[in-house]
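By convention in this document, chain letters (A, B, ...) are assigned in the order of the sequence lines, proteins followed by strands, and residues within each chain are numbered from 1.
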Amino acid sequence: MSEEKHLNFIEEIVEEDLESGKYKSIVTRFPPEPNGYLHMGHATSICLNFGLTKKFPGYTNLRFDDTNPVTEDTEYVDSIKEDIKWLGFEWQNEHYASDYFDELYEYAVKLINKGLAYVDDSTSEEIASLKGTPTEPGKNSKYRDRSIAENLDLFQRMKAGEFPDGSKTLRARIDMAHPNMLMRDPVLYRIKHAHHHRTGDKWCIYPMYDFAHGQSDSIEKVTHSICTLEFVPHRELYNWLIEKLEIYPSHQYEFARRNLTYTVMSKRKLLQLVNEKHVDGWDDPRMPTISGMRRRGYTPEAIRDFCDRVGIAKRENVSDVGLLEFCVREHLNKIALRRMVVFDPLKVIITNFAEETQWLEGEDNPEDENSGTRKIPFGKELYIEREDFMENPPKKYFRLFPGGMVRLKYAYIIRCDEVVKDDSGNVTEVHCTYIPESRSGHDTSGINVKGTLHWVEVKNAVTAEVRLYDRLFKVEDPSSEEGDFKEYINDNSLHTVATAFAEPALKNARINERYQFLRKGYFTLDNKDTYSRLVFNRTVSLKDSWKPGQATPLKG
RNA sequence: UGAGCUAUGGUGUAACGGUAGCACUACAGAUUUUGGUUCUGUCUGUCUAGGUUCGAAUCCUAGUAGCUCAACCA
């Protein structure tokens, strides 16, 4: 009884409808248009629609809203299906609005017969100018009062291909003075002699969104048709058509689309980024697309968790991408294999260590009792991170400095004895001694050090390319800034480390496996560019709460 | 100058006439062989003005602000 259920407003509606007996079970649908790739905004909708029928009895369909053949393609159909599956959802039925073209045509004839639709010969410019404006009523088209017989004949001939593109439309006959502009005799059908990805050349007239979406919902007996806020004005037309057509009454509900800080979310803008080569493609790891996030190493669990935490409401919002990153870190912390990789090497010579390599053991994941261990080579010559050494450290510097001691993770405590520099004063090598009694797990030295560093043995190191991603934009909300959103692109959103040095266990890295490079962040193998070499994408950095002091950093 | 939608900390979201809560962020501390993780604590909020009520974030009225609508796109 003490269970807390923070239902969002749509779940509340569903719960009421179920409790009142209006429905025994519900039907929802995810209705993408196959003209682009899915992004984080779609993920919200997917989680909502599919989540509803996980929480309540019923099922969810996948339906492609493919009513505009000139922009749509099977390539997108395939990617959309892959993305939904990857996110972890299964649809009950796979439908296409184009499957209903025959029924839709009959619906149109029915409307004509009721005197509720007419064929208009006006050009699109004429239709636009007679439409009025939000503050002024529109005017009737001179074709508005054609006889039913003439409309029937004309519409049939439109279908038969007798007229060229754009020469005629079928319009609903509602009210040109209606305060809702969508009710001012909306276009229902237009002529397009275009090849459709599924129906081929069968049709040369295609229904508009408003004459396909709601009707498809109705045909599929969708109970709760959920869409975003910009469709609110369409609801009146949605209901009008269902009423006049006397078909199954699906109901439309609207929620606010999800925006994320430091990115853009409209298909149009994402397409621009792709076309103008600001990114590497739809699946560039910096893109907020599902495929981009997948390539970057985000997990479906993390994305679903994010959608849950962020919730659903009706007000405009821009969610903090930091929360998404939090969800990603939280999941990855539990599953990622720990490995050591040095990005910017500084050579360390352990002067009192033997020539032979010693193989040490390291746990794969301290957060997971069931995870295994791997062997790590330790030797006389090591690499540490250049930024982990400072000749003149600030206060509270836990890392290595002359005379200072640190632990090398999984290995020994070392003390820095000597710094070797080149002619221009850059540090080229650090000479250290190790404390033999300080081996990890067998430490009897009694020495306590503050810092623990990651490292890689030179002799057995494997090389890898590492790609470090940052936010795609410099400002939180590029779309709301002055001027073009592309002016705010972050030029440093990708930093490539051409040659990083990794411990040998990473030779066997597998696509889809997640790694935590100790003290560096979470990484995964790139799913495209890894053929003969290792390429890692940084999924997200580790949280870093250390604020460097005022001392000057090591140069070089 | 029409119609519609929305206003709760920095962000997102609860509270359904009865103690404004949760999460992220930020900050402080504890623990730590990752300056990670974990744990503890702190800061910050009901758009404005009236009204109804014993009591209002919630209901009413009027403002204000933001968003949407004039594609043969979805």
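Residues that satisfy the side-chain hydrogen bond (donor to acceptor under 3.5 Å, both in side chains) test with A:Tyr206, not counting sequence neighbours, are absent from this structure. Legend: residues meeting side-chain hydrogen bond (donor to acceptor under 3.5 Å, both in side chains) with A:Gln272, ordered by chain and number and at least two apart, are A:Lys486. Applying the side-chain hydrogen bond (donor to acceptor under 3.5 Å, both in side chains) rule to A:Ser480 yields the partners A:Asp477; only residues at least two apart in sequence or on another chain are considered. With sequence neighbours excluded, no residue forms a ring pair (Phe, Tyr, Trp, His ring centres under 6.0 Å) with A:Trp240. For A:Arg146, the salt bridge (Lys or Arg N to Asp or Glu O under 4.0 Å) partners at least two apart in sequence or on another chain are A:Asp121, A:Glu150.
In secondary-structure terms, RNA chain B builds stems of at least 3 consecutive Watson-Crick or G-U pairs, each pair having both distances under 3.5 Å, at B:2-7 with B:64-69, B:10-13 with B:21-24, B:26-30 with B:38-42, B:47-51 with B:59-63.
Of the candidate nucleotides B:A14, B:U6, B:C72, B:U6 has the atom nearest to the side chain of A:Arg315.
Just one residue in the list A:Arg338, A:Arg439, A:Arg374 forms a side chain to side chain donor-acceptor pair (under 3.5 Å) with A:Tyr410, and that residue is A:Arg374.
Not a single donor-acceptor pair, N or O on each side, falls under 3.5 Å between the base of B:A23 and the side chain of A:His6. Residue side chain A:Arg519 does not reach the base of B:U34 through any donor-acceptor N/O pair under 3.5 Å, judged by distance alone.
Proximity of residues 65-77 of chain A to RNA chain B (heavy atom under 4.0 angstrom from any strand atom) is restricted to A:Asp65, A:Thr67, A:Asn68. The stretch residues 437-455 of chain A touches RNA chain B through A:Arg439, A:Ser440, A:Gly441, A:Thr452, each having a heavy atom under 4.0 angstrom from the strand. RNA chain B lies under 4.0 Å from at least one heavy atom of each of the following residues of residues 301-309 of chain A: A:Arg309.
For the pair A:Arg198 and A:Tyr96, the cation-pi test (distance below 6.0 Å, angle within 45°) is passed.
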- When every nucleotide of nucleotides 36-43 of chain B is labelled 5' to 3' by its protein contacts under 4.0 Å (heavy atoms), B for base, S for sugar-phosphate only, - for none, what sequence of letters results? BS------
- Its contact letters, B for base, S for sugar-phosphate only and - for none at protein heavy atoms under 4.0 Å, make nucleotides 64-70 of chain B read ---S-SB
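Listed here is the closest heavy atom pair of A:Val406 and A:Phe398: CG1-O, 3.6 Å.
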List, one per line, each side-chain donor-acceptor pair under 3.5 Å for residues 41-48 of chain A, sequence neighbours excluded.
unit_1: A:His42; atom_1: ND1; unit_2: A:His39; atom_2: N; d: 2.9
unit_1: A:Thr44; atom_1: OG1; unit_2: A:Met40; atom_2: O; d: 3.1
unit_1: A:Ser45; atom_1: OG; unit_2: A:Asn49; atom_2: ND2; d: 3.3

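Between A:Arg190 and B:A74 there is a side-chain N or O to OP1 or OP2 distance below 4.0 Å.
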